[in-house]
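Below is one structure, written out as structure tokens; the observations come after it.
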Amino acid sequence: MPAPTEVNFASEFAARLVDGPRRLLISIPLAFMQPVLDRVATHVAKSRPEMFARLGPHAGKRFLIDPIDLPFVFILVPTAAKPCLSAYRRDEYPQHDAGIAGTFLDLYDMISGTADGDALFFTRDLRVCGDTEAVVALRNALDDFGNSAADTVLSAFGPLSGPAALAISALRAVRGNRRHGR
Amino acid sequence: MAGEIGSGANGYLRPELVCPAGTPAALRTAVDAGADAVYCGFQNETNARNFPGLNFTLAELEAAVGHAHARKAKVLLAINTFPPAGRFNLWREAIDAAARIGVDAVIVADMGVANYAARTFPELRLHLSVQAGASSPEAIRFYCQEFGVKRVVLPRMLTVGEIAAIHQQIPCEIEAFVFGNIGMMAEGRCSLTNYATGISTNMDGVCSPAADVHYEEDAERNLTTRLGRFVIDRFTRGENAGYPTICKGRYRCDARTGAYYAFEEPVSLNLSALLPDLMRAGVTALKIEGRQRSRAYVQAVVSAFRRAVDDILANREPALAELVALTEGRRETEGAFRSKAWR
């Protein structure tokens, strides 16, 4: 059992681990991110074209994906012909039909198939706004990814997919420590 | 071995664990997690979980049956809504497809659908859906005699003692819910969604259709949930929330001070503590609700119940996993199964 001072030190260290990348992300021009986001959208569309059938009439809608602990938000337009994923600064308030908000890791775990969206909603860790039917369709379409939508997203990072997976693992460990008060 | 009914060391009959799947990926997850049988539905009004993005195409169901059978698991197809006048063709086509694909059983509620299936495909095994609301031995025997029903899914309004008594008086198997969504409303007879939205739970297959659900969160993070033009509930910042279903809403009325849960609170059924009693009562199959839930839910709940059932059969103290994190409003109930005093 660590002493209280060690607990505080570990929490502070963990917080710095998380806050460091966040500060870094604030300064990154969004234009630098767009090629990666384009790759993600194209890769997902090519890997799982049947996802768009599940979306039905909601395939062309604008989904706001809001990782509340990151300095930007995403707009996803999941059309089969040309899916689009774009990043915006929070103060840009991009137009959208439906929105999903949660921490980056909760959203990531949902698309990984390791977190239940309804359970996150019950605990108020997941927020939904706008066209609820479109959100439900998107959630179900992503949940039908055979292995993991998250793996598909990560593989779109090409040679950076390994480091990206490691970064996710580290963030998960930090979150686990925080939830257990370590 | 999945699908085998046998007795454990302590004389319990081995129950079939019947698990939900809203997508092919969820079906594979359920099978891998230890489901003996998985139930699912087509992408239309013929089943009672007709939500956007959910359910199976013909081709997906065919592949799913192959996947499950290769792993000795069964696939049960829910065709458990009530065809409106003039639209029977959709339900007839669903039964035809089920027989052609080779599902292990069809779960029906409507007498016309049951009759069509029984007359056209006498070899097709029929289960009576909870949506039929058959809760007396007389009603259940009628379905068995007229349509050859082999199993009844009992409504969630009976005590374990009543289930045991019914078991002695009917010629078919019993399937009982053990986990998931639970409401006060009589299954197959609830018209509250229809009143609020014009969409019928029983004929369109959807309770609280997502198109009519609206969430509004204010700056203080108080959440208002609406179904159509009706406010269903208001949750203060940090308060656990529930589904926007009318039977679990909080309302104001002249007879009470402040808003109160008129029917039931946001809560989920969890009968893990009653499993030995259910297995002694003659329940053949234990059903987990939640076709509308994610693969993560399916994996966690099915694994937990698989372990618990296997522990009971092996005369071990069941290791009941903590499932409250997946429950609505983070609350559990044993509903009417332990006592009629519930609500």
Side-chain angles (χ1 to χ4, degrees), chain A residues 48 50-59 61 63 66 68 78 97-102 106-152 179, chain B residues 21-29 43 51-57 59-60 181 206 208-217 221-223 225-227 235-244 266 268 290-301 323-331:
Chain A
R48 296 305 300 265
E50 65 272 26
M51 185 185 88
F52 301 100
R54 282 201 177 271
L55 283 168
H58 307 291
K61 291 187 176 167
F63 293 90
D66 180 358
I68 56 173
D97 300 298
I100 308 168
D106 281 343
L107 295 174
Y108 184 84
D109 285 347
M110 270 180 67
I111 64 168
S112 303
T114 55
D116 179 65
D118 289 20
L120 290 171
F121 170 78
F122 296 150
T123 53
R124 312 286 300 277
D125 291 312
L126 190 77
R127 280 179 269 166
V128 171
C129 67
D131 185 339
T132 309
E133 189 174 63
V135 171
V136 171
L138 180 66
R139 188 277 307 264
N140 289 332
L142 289 173
D143 202 57
D144 188 41
F145 265 63
N147 294 316
S148 164
D151 290 344
T152 308
R179 283 185 175 169
Chain B
T23 63
L27 182 140
R28 294 190 293 273
T29 300
Q43 291 177 349
F51 290 103
L54 210 64
N55 294 320
F56 291 62
T57 63
E60 286 171 344
N181 192 22
V206 58
S208 295
D212 290 287
V213 170
H214 304 284
Y215 300 112
E216 297 155 15
E217 199 167 271
R221 291 216 59 196
N222 301 306
L223 174 68
T225 62
R226 294 178 193 274
L227 182 66
F235 303 97
T236 56
R237 180 191 182 98
E239 185 181 9
N240 288 323
Y243 288 123
S268 292
R291 283 195 283 135
Q292 75 285 11
R293 299 289 291 265
S294 67
R295 279 183 294 141
Y297 168 95
V298 168
Q299 204 283 330
V301 179
L323 294 174
V324 73
L326 293 164
T327 56
E328 185 176 0
R330 289 179 77 88
R331 276 186 290 188

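Naming convention: chains lettered A, B, ... in sequence-line order (proteins, then strands); numbering from 1 in each chain.
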Measure from NZ or CZ of A/Arg127 to the centre of the six-membered ring of B/Tyr215 and say whether it is under 6.0 Å with the direction within 45° of the ring axis.
-> no

Among [options], single out the residue with the greatest number of heavy-atom pairs under 4.5 Å to chain B.
options	answer
A/Ala141, A/Pro57, A/Cys129, A/Ala115	A/Ala115
A/Leu138, A/Val135, A/Val136	A/Val136
A/Val128, A/Leu55, A/Asp131	A/Val128

Contact origin within B/Ala325 toward chain A - heavy atom pairs under 4.5 Å = backbone

Is it the backbone or the side chain of B/Leu223 that comes under 4.5 Å from a heavy atom of chain A, or both, or neither?
-> both

Any chance you could measure A/Glu133, atom CD, to A/Lys61, atom NZ, to the nearest 0.5 Å?
-> 6.5 Å

Taking every non-hydrogen atom, the tightest pair across B/Val324 and B/Arg330 = CG2-O, 3.5 Å

Contacting region of A/Thr123 [heavy-atom separation from chain B under 4.5 Å] | both

Could you check A/Leu126 against A/Ile100 for side-chain contact (heavy atoms from CB on, under 4.5 Å), going step by step and ending with a plain yes or no?
-> CA-CA 7 Å; A/Leu126 190 77; A/Ile100 308 168; 3.7 Å; yes

Partner chain A: residue of [options] with the largest heavy-atom pair count (under 4.5 Å):
options	result
B/Val298, B/Asp212, B/Asn55	B/Asn55
B/Glu217, B/Gln292, B/Arg221, B/Gln43	B/Arg221
B/Gly242, B/Gly329, B/Ala26	B/Gly242
B/Leu54, B/Leu326, B/Thr29	B/Leu54

